Every structure is written in structure tokens, then in C-alpha cells.
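Just so you know, these numbers come straight off a predicted model, no measurement behind them. In what follows, every chain begins at residue 1, and chains take the letters A, B, ... in the order their sequences are listed.
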2 protein chains.
Amino acid sequence: MDVFEAVAEPSRRTLLDLLLEGERPAGELVAGLPALSQPAVSRHLRVLRDAGLVDVRVEAQRRIYALRPTGFAEVEAWLERYRRYWSGHLDALEGHLARRQQAGDDHEGEST
Amino acid sequence: MDVFEAVAEPSRRTLLDLLLEGERPAGELVAGLPALSQPAVSRHLRVLRDAGLVDVRVEAQRRIYALRPTGFAEVEAWLERYRRYWSGHLDALEGHLARRQQAGDDHEGEST
DNA sequence: GCGTTATATAATCCTCCTCGGATATAGTCG
DNA sequence: CGACTATATCCGAGGAGGATTATATAACGC
């Protein structure tokens with residue numbers, strides 16, 4: 001399951017949010033999603049791990065989870081291409097919008 | 001369907017990629033995904049529209065699709081919170097990575 | 001007005017995957 | 001042993017995604 005699918009699931013985003021406040025043992029994460037059973041949360045954590053979004057550290061019988069840049073970097077890279085698109089087309093976009101406002105372009109639906 | 005789910009689908013990301021090269025009429029987008037039927041592509045475009053990722057302009061009998069910043073901004077905003085996390089924890093992160101390298105940690109990143 | 005082109009949408013049917021529950025088990029420590 | 005977790009099954013509900021087919025528009029060319 002790729003990063004995008006991993007992040008598409010609300011419960012998983014909640015887990016990431018919890019980790020935004022700092023690393024946490026699995027137990028706390030399970031407690032953070034009271035609607036889900038322990039195995040369910042564990043499965044979500046597995047997905048997040050595989051997607052490179054979180055990192056685990058073993059501490060005695062605990063597994064401490066923390067955010068991990070890898071997966072986020074993937075999303076970042078994907079988004080970056082579109083960000084470049086805007087910057088590359090910003091002038092054209094602005095020009096377009098300006099023209100629409102001012103002239104009431106040819107292909108416009110409105111007759112104002 | 002929220003932006004994250006919209007973007008999670010590979011075919012839809014392909015459509016966005018096509019639009020990265022510039023705006024295109026629906027017909028070309030349909031042609032760009034030969035594996036899918038016209039209604040299927042049209043449904044994907046619908047999802048992208050609803051998610052605010054693309055914009056449509058009617059031109060004669062054609063519908064010209066183009067990227068639209070709105071939806072991307074949502075992902076951007078989400079990602080931003082994590083980006084701030086890294087900058088806030090960069091020192092801790094570096095320390096952590098250094099420790100991993102030195103110690104040769106056991107729980108290395110399994111890819112699948 | 002007609003026929004054609006370009007699209008969207010709807011309806012139906014199908015397949016497959018995801019998510020969750022429940023339960024049991026195994027491994028690792030303290 | 002008992003706490004903490006991961007995993008493995010098995011099961012069921014639900015939805016996503018696709019194919020088809022058909023229909024409704026809207027605009028163009030004749």
C-alpha cells in the first residue's frame with residue numbers, strides 16, 4: 001500500500017496526529033483510538049510503517065512509535081511538481097483571471 | 001470523497017499528471033487512459049472536480065480541464081504541520097539517526 | 001431540422017479490497 | 001507469570017472501481 005493510500009484513511013491520519021505531539025508507545029496509540037480494537041490499531045500502524053510514515057523503536061516490551069520523514073517526503077515530492085506548476089503558470093493564471101474579470105472573456109457563461 | 005482519497009487512486013493521479021502539461025479537453029484525458037472506458041474517466045474527473053483538484057471550462061461541446069490550486073492547498077496544509085514538526089525536532093531527529101547509524105539498530109526499515 | 005460529436009450521468013452487475021470485530025497465539029521483557 | 005504488542009485467522013459489511021448500455025445535453029456542420 002503506497003503512501004497516498006496509507007494517508008487516505010482517517011484513523012491513520014489520527015494516529016499521525018497523535019504522533020505529532022511526540023513519540024508514543026503503541027499502548028497509548030491504541031488508547032487514542034477508543035473506537036478500535038488493539039489488533040485494528042496495530043494493523044494501521046503496520047501500514048504506516050510500511051509506508052515509511054512512522055518509525056518504531058523497541059524499548060523493553062514496548063514499541064515506541066514516532067513520525068518518520070521518509071513517507072512524508074514522498075508526498076512532498078509529489079506535491080512539489082504541482083507547486084512548480086503554479087509558479088510556472090502563475091503569470092498566465094493571473095493574466096487569465098484578470099482578463100476574465102476585466103473583459104468578460106469570450107468563452108464565459110455570464111453576460112454581465 | 002476528500003482530497004486524500006481522491007489522490008489515493010492511481011488513475012486519478014495519472015489524470016493530474018496529464019494536466020500538469022497543460023489544460024486538456026476531456027476527450028484527450030479519456031485517450032490518455034486507454035485502459036479505462038469513457039464513463040470511467042468521466043467519473044474520475046468528477047471526483048477530482050469535487051475534491052477541488054481540477055477545474056472545468058466549457059468550450060463549445062468540449063469540457064476543458066485544468067489543474068486547480070484549491071485541493072492541492074489542502075494537502076499542502078496538512079503536510080505543513082508535519083514539516084513544522086521536522087523543523088522543531090530536527091536536532092532530536094539527527095541525534096536519533098546518528099545513534100542508529102552508530103549502533104547498527106535491529107529494527108531497520110523493511111520495505112514490504 | 002438532422003445527424004454527429006463530445007461529455008456527463010445513471011443504472012446494473014461484478015469483483016475485489018479494505019476495515020473492523022473477535023479470538024488466539026507467540027515473543028519479549030521485567 | 002503477566003504486561004505489551006504483533007500477527008494470524010475467519011468472518012462479514014461496505015464501498016470502490018470497472019464494464020456496459022443507454023440517455024440527456026449542447027453545439028457544430030450541413
Side-chain angles (χ1 to χ4, degrees), chain A residues 1-16 18-19 23-66 68 105-111, chain B residues 1-16 18-19 23-51 53-66 68 105-112:
Chain A
M1 185 173 294
D2 62 280
V3 192
F4 296 100
E5 292 177 50
V7 151
E9 223 283 330
S11 296
R12 284 194 287 265
R13 282 205 303 279
T14 301
L15 285 171
L16 294 175
L18 289 172
L19 293 174
E23 50 176 35
R24 302 206 166 176
E28 279 186 32
L29 296 174
V30 171
L33 277 87
L36 301 191
S37 64
Q38 178 261 319
V41 175
S42 190
R43 281 194 296 264
H44 279 311
L45 289 172
R46 171 83 143 123
V47 173
L48 292 174
R49 252 184 294 148
D50 290 349
L53 288 162
V54 304
D55 201 17
V56 211
R57 171 171 41 105
V58 179
E59 195 164 277
Q61 338 79 301
R62 305 257 187 82
R63 311 288 179 106
I64 314 292
Y65 281 85
R68 179 182 186 174
D105 240 342
D106 42 310
H107 49 269
E108 265 312 301
E110 358 119 334
S111 44
Chain B
M1 184 173 293
D2 61 280
V3 192
F4 296 101
E5 290 177 51
V7 150
E9 221 284 328
S11 297
R12 285 194 286 265
R13 283 204 303 278
T14 301
L15 285 171
L16 295 176
L18 289 172
L19 293 175
E23 50 177 33
R24 305 209 163 172
E28 280 187 31
L29 296 174
V30 170
L33 278 85
L36 300 192
S37 64
Q38 179 261 319
V41 175
S42 191
R43 281 193 298 266
H44 279 312
L45 288 173
R46 172 85 143 117
V47 173
L48 292 174
R49 251 183 294 148
D50 291 350
L53 288 161
V54 303
D55 202 14
V56 211
R57 170 172 40 106
V58 178
E59 195 165 278
Q61 339 81 297
R62 306 257 185 81
R63 311 290 179 103
I64 315 292
Y65 281 84
R68 178 183 188 177
D105 240 340
D106 45 320
H107 49 273
E108 263 310 314
E110 330 91 6
S111 297
T112 301

Minimum-distance nucleotide (side-chain atoms of B:Arg46 versus C:dT28, C:dT9, C:dT7): C:dT9

A:Arg62 CZ: over 12 foreign heavy atoms closer than 6.0 Å: no

Under 4.0 angstrom between B:Arg49 side-chain N/O and C:dT9 OP1 or OP2: yes

Short side-chain N/O contact to D:dG18 OP1/OP2 from B:Ser11, under 4.0 Å: yes

Approximate separation, where rounding is to 0.5 Å, of B:Leu16 CG and B:Ser11 OG: 11.0 Å

Nucleotide D:dG17, atom C1' - distance to CZ of B:Arg13 in whole Å: 15 Å

Single hit among B:Arg63, B:Arg57, B:Gln61 for side-chain hydrogen bond (donor to acceptor under 3.5 Å, both in side chains) with B:Glu59: B:Arg57

Spacing between A:Leu45 atom CG and D:dC4 atom C1', to the nearest angstrom: 13 Å

Closest to the B:Ala60 side chain, choosing from D:dA27, C:dG20, D:dC4: D:dA27

Presence of A:His44 side-chain N/O under 4.0 Å of C:dT18 phosphate oxygens OP1/OP2: no

Spacing of CD belonging to B:Glu5 relative to CZ belonging to B:Arg12, to within rounding of 0.5 Å: 8.5 Å

Sugar-phosphate, base or nothing in reach of B:Pro39, heavy atoms under 4.0 Å: base

Protein-nucleotide distance (B:Glu9, atom CD; C:dC17, atom P), rounded to Å: 14 Å

Under 4.0 angstrom between B:Arg63 side-chain N/O and D:dT25 OP1 or OP2: no

Distance, rounded to the nearest Å, where B:Leu48 contributes CG and C:dA8 contributes P: 12 Å

Side-chain N or O of A:Ser42 closer than 4.0 Å to phosphate OP1/OP2 of D:dT5: no

Stepwise side chain to side chain contact (heavy atoms under 4.5 Å, CB included) test for B:Val7 and A:Val7: CA-CA 10 Å; B:Val7 150; A:Val7 151; over 6 Å; no

Selection from C:dA6, C:dC29, C:dT18 that lies nearest to any side-chain heavy atom of B:Arg62: C:dA6

B:Tyr65 vs C:dA8: side-chain N/O to OP1/OP2 distance below 4.0 Å: yes

A:Arg43 side, atom CZ; A:Leu36 side, atom CG - distance, nearest 0.5 Å: 9.0 Å

Rounded distance in Å - CG (A:Leu36) to C1' (D:dA6): 16 Å

Distance test, side-chain N/O of B:Arg43 to OP1/OP2 of D:dA16, below 4.0 Å: no

Euclidean distance, atom CD of residue A:Glu5 to atom C1' of D:dG15 [Å, nearest integer]: 14 Å

Donor-acceptor pair under 3.5 Å, B:Gln38 side chain vs C:dA8 base: yes

Nearest-Å distance for atom pair CG/C1', residues B:Asp2 and D:dG15: 14 Å

B:Gln61 side chain, from C-beta outward: closest of D:dA19, C:dT18, D:dA26: D:dA26

Nucleotide C:dA8, atom C1' - distance to CG of B:Leu15 in whole Å: 15 Å

